[in-house]
Structure formats: C-alpha cells, structure tokens
Amino acid sequence: MQRTPIATDTPWFRLEVDDADWAAEDPADLARWMEQLLLIRRFEEKILELHGQGTVHGPAHASIGQEAGAVGAMSVLGTEDKLNGTHRAHHQILAKLLNSALPGGYDPRRDAPVEEAGGLVRRAMAEIMGLAEGFCGGRGGSMHMRWAPAGIVGTSAIIGGNLPHAVGYGWPTRCWAATMSRSPSSATAR
C-alpha cells in the first residue's frame, strides 16, 4: 500500500478564542444557543428512555454529545438553506426546526416560550415514536424526517446516502440559476 498526500488549495484554520471573544458575543444569542443545547439533550434522553420502555416503534438513533455542533451550524442557516442528514440527525433537525420558529430578536431570558417551536419539537418526537402527529405521519421514524417549511428536505438512514441526495437537491437550483443567467432568447431556444 502506498500513501500519497493530497494537496489542496483550501485553507484550513484553527479558531482560538479567549474571554474577550465570548464577551463580544450577543448575550441573547448565547442564551438561545444554551436553551437549544439543553432542549436537544433532554429530547434525546427522553427518546432513549421511551425506546427502553418499548414505546418507540423502530430504532432511536440519538445524537447525544453532538448538540453543540448542530446548534452552531444551524445558527447561521435560514429556512431557505436546505438540510439533509444521516441516521443520527435529531440534533440538526431540532436546531433547524427551532430556528425556523423563533422570531428575530428572541431572547429566552426575557421572552416566553414560542408555541410554534414547542409544536415542532412535539411533532419531531411524534415522528420518532411512529405517531400520526409526526411530520411524515409517523412513517419516517428516527431516520427519515422531513419538514420543508424549515428547510429540512429529508434525512436518510443510509450512512453516506445523504451525499447523493444533497447533490440532487442542489442540482435544480444550479440548473435554474444557469438558465436564468442566459439571455431570454437562448433559454427559450433550448
């Protein structure tokens, strides 16, 4: 076997933060992210508890320990940004759902819980439990969740299967953009 290093033009960075960086963050953002971290962890613990009791019909692929990555990544995405994940995507789904329902400027330190956000969390739980109230009528379960209004185009139980899905989701957008950049006469001639 031969190992060949792969050269890349993509720069890599290590982020090093200190107390001044934390002090510069918006306290409302920090509170919202902490609220999401805790909600996702409690959600996952409850799913595993219910699975242990036999009330989850099918697998329950929890993402405990991965909450911060999901909350951070989803914090910069809007509902127009599409997400699909693999079989351990509860944390990403929940963060994306919550962000889609929270109003701008939401601060959990002063604002009441948002009813729509709670409803979406309930529907995610129902989907995993195989209940009709779930996003896909309970048929998707833990590994096949979809809620287009939040930008969740679907998750896949097949590890690595989300990559061709993501290409497929992006393809129409790319083709549409290319068509729109052509002159009107060339677009209609095709």
Side-chain angles (χ1 to χ4, degrees), residues 5-51 60-128 135 142-143 145-156 159-160 162-163 165-166 169-170 173:
I6 299 173
T8 178
D9 293 332
T10 305
W12 286 75
F13 300 94
R14 178 193 331 246
L15 296 178
E16 298 179 15
V17 298
D18 59 25
D19 290 342
D21 296 304
W22 285 108
E25 286 295 331
D26 180 357
D29 287 341
L30 295 173
R32 189 173 55 255
W33 298 334
M34 180 58 76
E35 179 184 57
Q36 289 183 10
L37 289 168
L38 293 171
L39 184 145
I40 293 167
R41 174 61 66 98
R42 297 298 176 256
F43 181 97
E44 295 290 64
E45 289 172 345
K46 188 56 146 177
I47 284 291
L48 292 177
E49 177 186 328
L50 293 168
H51 188 267
H61 293 286
S63 55
I64 288 179
Q66 302 172 34
E67 301 90 348
V71 169
M74 298 306 122
S75 72
V76 297
L77 299 180
T79 55
E80 71 282 356
D81 296 308
K82 306 301 180 226
L83 166 75
N84 72 325
T86 60
H87 72 295
R88 291 195 189 274
H90 299 169
H91 58 321
Q92 297 163 350
I93 300 297
L94 289 166
K96 191 96 163 77
L97 288 170
L98 291 168
N99 289 332
S100 76
L102 297 176
Y106 170 74
D107 184 343
R109 298 170 305 161
R110 67 156 197 263
D111 298 329
V114 176
E115 189 174 326
E116 181 186 355
L120 291 172
V121 172
R122 180 179 170 85
R123 290 188 70 189
M125 179 76 72
E127 184 62 37
I128 294 167
F135 297 114
S142 179
M143 300 181 288
M145 287 198 250
R146 172 181 168 73
W147 186 243
I152 302 165
V153 292
T155 58
S156 174
I159 298 174
N162 59 334
L163 297 174
H165 291 171
Y169 301 140
T173 303

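Just the heavy atoms: all of them, side chains too, but no hydrogens, waters or symmetry mates, feed the values below.
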Next on the checklist: Using 0.5 Å steps for rounding, measure from the CD atom of E127 to the CH2 atom of W147.
Outcome noted: 11.0 Å

Identify each donor-acceptor pair in which a side-chain atom of residues 38-45 lies under 3.5 Å from a protein atom, sequence neighbours left out, and give them as a table.
{"from": "R41", "atom 1": "NE", "to": "E67", "atom 2": "OE2", "distance (Å)": "2.6"}
{"from": "R41", "atom 1": "NH2", "to": "E67", "atom 2": "OE1", "distance (Å)": "3.4"}
{"from": "R41", "atom 1": "NH2", "to": "E67", "atom 2": "OE2", "distance (Å)": "3.3"}
{"from": "R42", "atom 1": "NH1", "to": "E45", "atom 2": "OE1", "distance (Å)": "3.2"}
{"from": "E44", "atom 1": "OE1", "to": "H90", "atom 2": "ND1", "distance (Å)": "2.7"}
{"from": "E44", "atom 1": "OE2", "to": "S63", "atom 2": "N", "distance (Å)": "2.5"}
{"from": "E44", "atom 1": "OE2", "to": "S63", "atom 2": "OG", "distance (Å)": "2.8"}
{"from": "E44", "atom 1": "OE2", "to": "H90", "atom 2": "ND1", "distance (Å)": "3.3"}

Checklist entry - Does R109 CZ have over 12 foreign heavy atoms under 6.0 Å away? => result yes

Item to check | Stepwise side-chain contact (heavy atoms from CB on, under 4.5 Å) test for I152 and L97 | outcome: CA-CA 8 Å; I152 302 165; L97 288 170; 3.8 Å; yes

Next on the checklist: Could you report the tightest heavy-atom contact between L98 and A117, atom names first, then the distance?
Outcome noted: CD2-CB, 3.8 Å

Donor-acceptor list for residues 20-28 side chains, cut-off 3.5 Å, not counting sequence neighbours:
{"from": "D21", "atom 1": "OD2", "to": "D18", "atom 2": "N", "distance (Å)": "2.9"}
{"from": "D26", "atom 1": "OD1", "to": "A28", "atom 2": "N", "distance (Å)": "3.0"}

Checklist entry - CD1 of I64 to CG of L48: how many Å apart, nearest 0.5 Å? => result 5.0 Å

Checklist entry - Of all heavy-atom pairs between H91 and Q66, which one has the smallest distance, and what is that distance? => result CD2-O, 3.1 Å

Item to check | Residue pair T8 / W12: nearest heavy atoms and the distance that separates them | outcome: CG2-NE1, 4.1 Å

Checklist entry - With no hydrogens and no angle check, is any side-chain donor or acceptor of N99 less than 3.5 Å from a backbone partner on K96? => result no

Checklist entry - Between L102 and Q36, what is the shortest heavy-atom contact and its length? => result CD1-NE2, 3.9 Å

Next on the checklist: Between N84 and S156, is there a side-chain heavy-atom distance shorter than 4.5 Å?
Outcome noted: no

Next on the checklist: Checking R32 against E35 for the salt bridge (charged side-chain N to carboxylate O under 4.0 Å, His left out) test, could you report, in this order, the C-alpha distance in whole Å, the side-chain angles of both residues, the deciding distance, and whether it holds?
Outcome noted: CA-CA 5 Å; R32 189 173 55 255; E35 179 184 57; over 6 Å; no

Next on the checklist: To the closest 0.5 Å, what do you measure between CG (L94) and CG (L37)?
Outcome noted: 11.5 Å

Checklist outcome for this item: Minimal heavy-atom distance between A95 and V71, with the atoms involved, is CB-CA, 4.2 Å

Item to check | Distance (rounded to the nearest 0.5 Å) between I93 CD1 and R123 CZ | outcome: 13.0 Å

Checklist entry - Do you know which two heavy atoms are closest between L83 and M74, and how far apart they sit? => result CD1-CE, 4.0 Å

Next on the checklist: Looking at T155 and M143, would you say the former's side chain and the latter's main chain have a donor-acceptor pair under 3.5 Å?
Outcome noted: yes

Checklist entry - Within the distance-only criterion (no hydrogens, no angle test), does the side chain of T79 pair as donor or acceptor with the backbone N or O of S100 below 3.5 angstrom? => result no

